[in-house]
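Step one of this worksheet: look at the structure below.
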2 protein chains.
Amino acid sequence: MSAQTGDSISTLGPCGSCGQCLHCEARSRSICSVIDAEHMARLAQYSHRLAVAAGRTFIQEGETASDFFIVTSGHVKLFALMPDGRRQITGFAQTGDFLGLASGATYAFSAEALGALSLCRFSRSGLTLLRREFPELENRLMEEASRELVQAQKRMLLLGRKTARERLASFLLEQHHLLPAREITLRLPMSRTGIADYLGLTIETVSRTLNALQREKLITITQVTQIVLLNLPALENLARGG
Amino acid sequence: MSAQTGDSISTLGPCGSCGQCLHCEARSRSICSVIDAEHMARLAQYSHRLAVAAGRTFIQEGETASDFFIVTSGHVKLFALMPDGRRQITGFAQTGDFLGLASGATYAFSAEALGALSLCRFSRSGLTLLRREFPELENRLMEEASRELVQAQKRMLLLGRKTARERLASFLLEQHHLLPAREITLRLPMSRTGIADYLGLTIETVSRTLNALQREKLITITQVTQIVLLNLPALENLARGG
DNA sequence: CGTTGTGTTGACAACAGTCAAACATGGTGG
DNA sequence: CCACCATGTTTGACTGTTGTCAACACAACG
């Protein structure tokens, strides 16, 4: 089963058969981490690998939620849209993350590939069977759901009650916490539009506020997508609204 | 084990022993719905019933998340606070709902009893054991987590991108959908302060916007906490930002 | 009947949004 | 190599929605 051309979503074959699941970076956090080699073959019955082209929206809010996905490489933007184009980014997913937990009968969000992306797809019924066969999987799913819920709470407070300055400070610190060594130099993974849609602001407000923080010597904008955090305590104080 | 006085949280004894779980209204949606009478006794080992006085905050954001709860009767307000007092209500819970899914090491929210409240409390470790013994429980937990995640997505869009008018329209329709017979007369379950903290607005804006909707003949405010929806299609259109 | 809590209304301020123009940046092709 | 264009960002002037502060209305209650 080779990659199909002519479509921006290609089927790459069953997941379990790829060998990747046992060795890929996703393993430590994903479904694969709870399945031993012996059972990996059975995984192939339920899952398929997919390659998604950059920029492609592969989950549409409101469509029947027939599948779950696991990101095996790349980054995904999750968002909701209003008819007039207003967009709220509800989160991002990367290698190892699940997509589709926030779904009833239909998907509650849309998902777009931020770059080249590969996924593992499970039908809902397949996942149900898998969960029965691999009880450890339940823990991983609940863990992931918990993590997403905690994050959602934080974002509701941010979107409902924080000022633009506080939102940007929170955002910069969130990016900072993602860094392995807690460096103070950030490489922003998105454009001003992305930041604005994530924080519930306009691109102009994002730009102005970032420059205001620079004037106040809390940060330095070395390049458009590169920012140095000069005063972490002040940023932390600002982020919590102190 | 009788109710203790002198504290606004009283221990009522083991949950399984109360007999309530097999018959209470909570049963259809709660943990109890997947446990048969034969096993109910074991439940008592892991759970305790609690009574909480009205107004009491029984979960504090940031505290060690040692327990899960199930609401067996009454209503709960879930919220996050900022140091200066800004409050964001992240949701409500009622009979049958779980509390504590949105927790890592610590609770991500505070919880307050809106009236007289009774709960079933499970230690985290107890719940882990229960999950092993009653695999059906996993489905209920995942269902609940999914439901909360879907709602969180909707609220992020509302808080990040909707205008005051759109938020109020969304809120009124949400209340409307909770009604069994889809009556058009609503009894608001909270004060203006509650609505404001739920929608990320001030009480003044809530009051003004509600009166504006009345002037436009979309609603009638018959009493402070009673509203008649006069034009559902227009409200629905407004709520989705059309 | 005052008192207290809650809701409404008004005047005003401010934060963030809108619209528009100037300014970078990066890629393309001459 | 440079001119050109497309895209994205910054900046400015202005508007508008929502927040703030304060006064007032009203009901519940002792």
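The chains referred to below are lettered A, B, ... by the order of the sequence lines, with proteins before strands, and numbering in each begins at 1.
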Query raised in the report: Separation of B/Gln226 atom CD from D/dA27 atom C1', in whole Å?
Result: 16 Å
Report summary line: Ranking D/dT9, D/dC21, C/dT8 by distance to the side chain of A/Arg192, first place goes to D/dT9
Report task. Choose from C/dT9, C/dA16, D/dT11 the nucleotide whose nearest atom is closest to any side-chain atom of A/Thr205. Result -> C/dA16
Requested in this report: Would you please test A/Thr95 and A/Ser73 for side chain to side chain donor-acceptor pair (under 3.5 Å) and show each step?
Outcome: CA-CA 5 Å; A/Thr95 305; A/Ser73 81; 5.8 Å; no
Requested in this report: Mind running side chain to side chain donor-acceptor pair (under 3.5 Å) on A/Ser118 and A/Thr72 for me, showing each step along the way?
Outcome: CA-CA 6 Å; A/Ser118 64; A/Thr72 49; 2.8 Å; yes
**Report entry** Base D/dT11 to side chain A/Arg215, donor-acceptor N/O within 3.5 Å cut-off
**Finding:** no
**Report entry** Candidate nucleotides C/dT8, D/dG19, D/dT9, ranked by approach to the side chain of A/Ser191 - the nearest
**Finding:** D/dT9
Query raised in the report: Which whole-number value in Å describes the distance from B/Ile203 CD1 to D/dT20 P?
Result: 11 Å
Report task. Report the residue (A/Gln223 or A/Thr163) whose heavy-atom-nearest nucleotide on DNA chain C is the more 5′ of the two. Result -> A/Thr163
Query - Nearest listed nucleotide, side chain of B/Ala164, among D/dT18, C/dA16, C/dG7 - result: D/dT18
Query - Of A/Ser207 and A/Arg161, the one whose closest DNA chain D nucleotide lies more 5' - result: A/Ser207
Report summary line: Here the distance between atom P of C/dT25 and atom CD1 of A/Ile221, to the nearest Å, is 12 Å
Query raised in the report: Is the A/Tyr107 ring parallel, tilted or perpendicular to the A/Phe69 ring (thresholds 30°, 60°)?
Result: tilted
Query raised in the report: Rounding to a whole Å, what distance do you find between A/Ile195:CD1 and D/dT9:C1'?
Result: 11 Å
Requested in this report: In whole angstrom, give the distance that lies between atom CG of A/Leu199 and atom C1' of C/dG17.
Outcome: 15 Å
**Report entry** Closest listed nucleotide, where the reference is the side chain of A/Glu204 and the choices are C/dG10, D/dT18, C/dA20
**Finding:** C/dA20
**Report entry** Shortest side-chain distance from A/Thr202, nucleotide among D/dT20, C/dT8, C/dT18
**Finding:** C/dT18
Query raised in the report: Roughly, in whole Å, what's the span from CG in B/Leu201 to P in D/dT20?
Result: 11 Å
**Report entry** Centroid separation B/Tyr198 to B/Phe79 less than 6.0 Å
**Finding:** no
Report task. Give the rounded distance in Å between these two atoms: CG of A/Leu213 and C1' of D/dT10. Result -> 15 Å
Query raised in the report: Hey, does B/Gly200 reach any base, or is it just sugar-phosphate, or nothing, if we go heavy atoms under 4.0 Å?
Result: sugar-phosphate
Query - Side chain of B/Val224 (C-beta onward), nearest among D/dT18, C/dT18, C/dG7 - result: C/dG7
Query raised in the report: Within the modelled atom types, does a donor on one side and an acceptor on the other bring the side chain of B/Arg208 and the base of C/dG7 under 3.5 Å apart?
Result: no
Requested in this report: Using whole Å, report how far CG of B/Asn211 lies from P of D/dC26.
Outcome: 13 Å
Requested in this report: For the pair A/Val76 and A/Val52, evaluate side-chain contact (heavy atoms from CB on, under 4.5 Å) and give the outcome as yes or no after the intermediate values.
Outcome: CA-CA 10 Å; A/Val76 179; A/Val52 181; over 6 Å; no
